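Notes for the one structure printed next.
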Protein chains: 2
Amino acid sequence: MPLAEPVPDVRSLDLLRSVAELGSIRQAAISHNISQPAASMRLRTLELTLDLQLLDRSHGRAQLTSAGVAVVRWSEEVLAPLRDLLLGTQALRAAGKTNLRVAASMTVAEYLIPGWLQRLRTAHPGLLVSLQMGNSQHCIEIMTRGDADIGFIEGSRAPRGLSSRVVRSDDLVVIVAPSHDWARRSTPLTAKELAVTPLVLREVGSGTRQVFETTMRLRGLDVVPLLELGSTTALKSAVESDAGPGILSRLAVQSEVRDGRLVVVAPVDISFDRSIRLVWSKERPLGVPAEQLVRLIEESSTRARQL
Amino acid sequence: MPLAEPVPDVRSLDLLRSVAELGSIRQAAISHNISQPAASMRLRTLELTLDLQLLDRSHGRAQLTSAGVAVVRWSEEVLAPLRDLLLGTQALRAAGKTNLRVAASMTVAEYLIPGWLQRLRTAHPGLLVSLQMGNSQHCIEIMTRGDADIGFIEGSRAPRGLSSRVVRSDDLVVIVAPSHDWARRSTPLTAKELAVTPLVLREVGSGTRQVFETTMRLRGLDVVPLLELGSTTALKSAVESDAGPGILSRLAVQSEVRDGRLVVVAPVDISFDRSIRLVWSKERPLGVPAEQLVRLIEESSTRARQL
DNA sequence: CAATGGCATAAGGAAACCTTATATCGGCAT
DNA sequence: ATGCCGATATAAGGTTTCCTTATGCCATTG
């Protein structure tokens, strides 16, 4: 469903954030390279759009109201992923003249690359990264051709002809709405039960569906679809509104699980591994930029395991 | 720091998302209540802005390229918090004629209210919520006056004259950059060590600073500021660039911790409680809408404890 | 080969936005 | 109290952006 109108301009939200940071409209205008009246007008438009008083101008300098503070905090949750998007698209654009060429599978590119890029940027500002995406097979071909310095793919098995190492664990999980029976069940979920319950699944042909079906079939178990959806988001929405239990990558649901919109139900006797594997050439050693990225990834995954 | 220009329009990102969902520009245009050429032009502008080919128009219907898919996924991370912001501001605006009046402290309003509102909307679409914000003391006054049906404040002690119950745990945590020594320390952190280390702190007068100092002083320990910052974000940035260890609410750092930008170091012999407490009138029982919100909160917090 | 659904282009007009110049207002020091 | 200074609002003018309707082209489909 499209956003509810009217939608505030993100640059105005960013400007408001700068006002909060710098303490005056004037300074905020300067930092955004626009004139002071332009900034003043943008903020006024923002207040009109949201129908809220965000700034108190009655004491010389502009002062944020409590509504203003709240909007700034909420805006930061919007602006951070927007920065990630900008970094990601920049990497997609940068075909040549980069110090580090990365090939990544879709899932990795979606959920992990933006965070890595952002931290890489703060840790090593000079580094220019280019990104190529595709499915895991495609990434392996890119690596074999030598068209990328480093790659990230999903899969429990190492590809032949390339060095590889698991850098991050991931797996498919069963998710339900908090109101679903399974969210409060006392007996553990079994693979057999999963086989006889109609499930909300990704479409046939997707990597997620394939891993799930293959693993189940290996155990001689069937899969009964309740709904087949073409996108991760659509699937999450369906499960949130309690259509039934769904299957998705743990990476894809981590934020919803964190704030309680979705609940993970762990089956006791089956698991669906989709670990993330770092891939590099057997002939050439990793370059310095690649090493820096790897170190960064390992720092965070080490901690993630301990939490 | 302001966003890197050029910034794509969020409504265009939302439109692209609809194209992915509905399979054609035309349908997406209809769902956004604009003409098909307007949609076509917006998407073209988006492609120009990002300098990426997002759609393949060479086969009749528009088909997303791999870059297009990636942009859609990244956009969803932007659009979800933007929806939260819209819901939040809507609640701030809705002064009268609502079924549920909520009073919340700043921290609760920032980090918890948007998620609750979104889930409330899907679970009970008819419910109109209004929100009043302030510090915990202010919220208690609002509740005492009967100007709100239900309130959320921070603090380990129950306010007098009102019924209350802890619905969510929160506490202050010590955070460091992943590259900081403490992220890999083998010996546990002690309160005494915390007292002699210069720390990145919120400014004097903030709730965070107050809880931290009071708890430390009760143990006869001092606090040495290395940097004093006026916003949560500024503090996080400083700690991320390894200025030193910082002190913040766990709620405020959860997303950064999750993706490894920050690391929590748990002191072994001290804790800084800031639990979230539900508050209601002793005279009037909770109404039906308030009960629905409470049930929703307890569903998610139950699960959060188990994870 | 005709029909259909989908997308792009064109033209015209409305709305949004930015810049420079100027007025107003609050705070602060003398 | 008064005058100065920094900050913000208002005004005017011009450019750019964006939308809608009308129309043409193209691919797929039966």
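Note on naming: letters A, B, ... go to the chains in the order of the sequence lines (proteins, then strands), and numbering restarts at 1 for each one. On a predicted model such as this, the values are computed, not experimentally measured, just so you know.
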Rounded interatomic separation in angstrom, taking [atom1] from [X] and [atom2] from [N]:
X	N	atom1	atom2	result
A:Leu55	D:dT8	CG	P	9 Å
B:Met41	C:dA11	CE	C1'	11 Å
A:Ile30	C:dT19	CD1	P	13 Å
B:Gln36	D:dT23	CD	P	15 Å
A:Ile34	C:dT19	CD1	P	7 Å
B:Ile25	C:dA8	CD1	C1'	9 Å
A:Leu46	C:dA16	CG	C1'	15 Å
A:Leu48	C:dA15	CG	C1'	15 Å

Query raised in the report: Salt bridge check: are A:Glu228 and A:Arg202 linked by an N-O gap of less than 4.0 Å?
Result: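 So A:Glu228 does not pair with A:Arg202 through a salt bridge.
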
Query raised in the report: Can B:Glu77 and B:Arg73 be counted as an ion pair, charged N to O under 4.0 angstrom?
Result: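 No salt bridge links B:Glu77 with B:Arg73.
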
Among the candidates [options], find the nucleotide nearest to the side-chain atoms of [X].
X	options	result
A:Thr45	C:dC17, C:dT19, D:dT28	C:dC17
A:Ser40	D:dT20, D:dA9, C:dC7	D:dA9
A:Ala62	C:dG27, D:dT8, D:dC19	D:dT8

Ignoring backbone atoms, test whether [X] places a side-chain nitrogen or oxygen under 4.0 Å from the OP1 or OP2 oxygen of [N].
X	N	answer
B:Arg42	D:dC19	yes
A:Arg44	D:dT10	yes
A:Arg26	D:dA7	yes

Query raised in the report: Hey, which of these two, A:Ala38 or A:Arg61, hits DNA chain C nearer its 5' end, going by closest nucleotide?
Result: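 The residue mapped nearer the 5' terminus is A:Ala38.
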
Requested in this report: Nearest-nucleotide wise, let me know which of A:Pro37 and A:Gln27 is further upstream toward the 5' end of DNA chain D.
Outcome: A:Gln27

Query raised in the report: Can the ring centroids of A:Phe152 and A:Trp116 be said to lie less than 6.0 angstrom from one another?
Result: yes

Query raised in the report: Can you tell me how far CG of A:Leu82 sits from CG of B:Leu13, rounded to the nearest 0.5 angstrom?
Result: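 Reported value, rounded in 0.5 Å steps: 7.5 Å.
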
Requested in this report: Identify whether any heavy atom of B:Ser24 sits under 4.0 Å from a base atom; if not, whether one sits that close to sugar-phosphate; answer base, sugar-phosphate or nothing.
Outcome: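 If one applies the 4.0 Å heavy-atom cut-off, B:Ser24 turns out to touch the sugar-phosphate alone, with no base involved.
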
Query raised in the report: Is there a donor-acceptor pair under 3.5 Å between the side chain of B:Ser241 and the backbone N or O of B:Ser237?
Result: yes

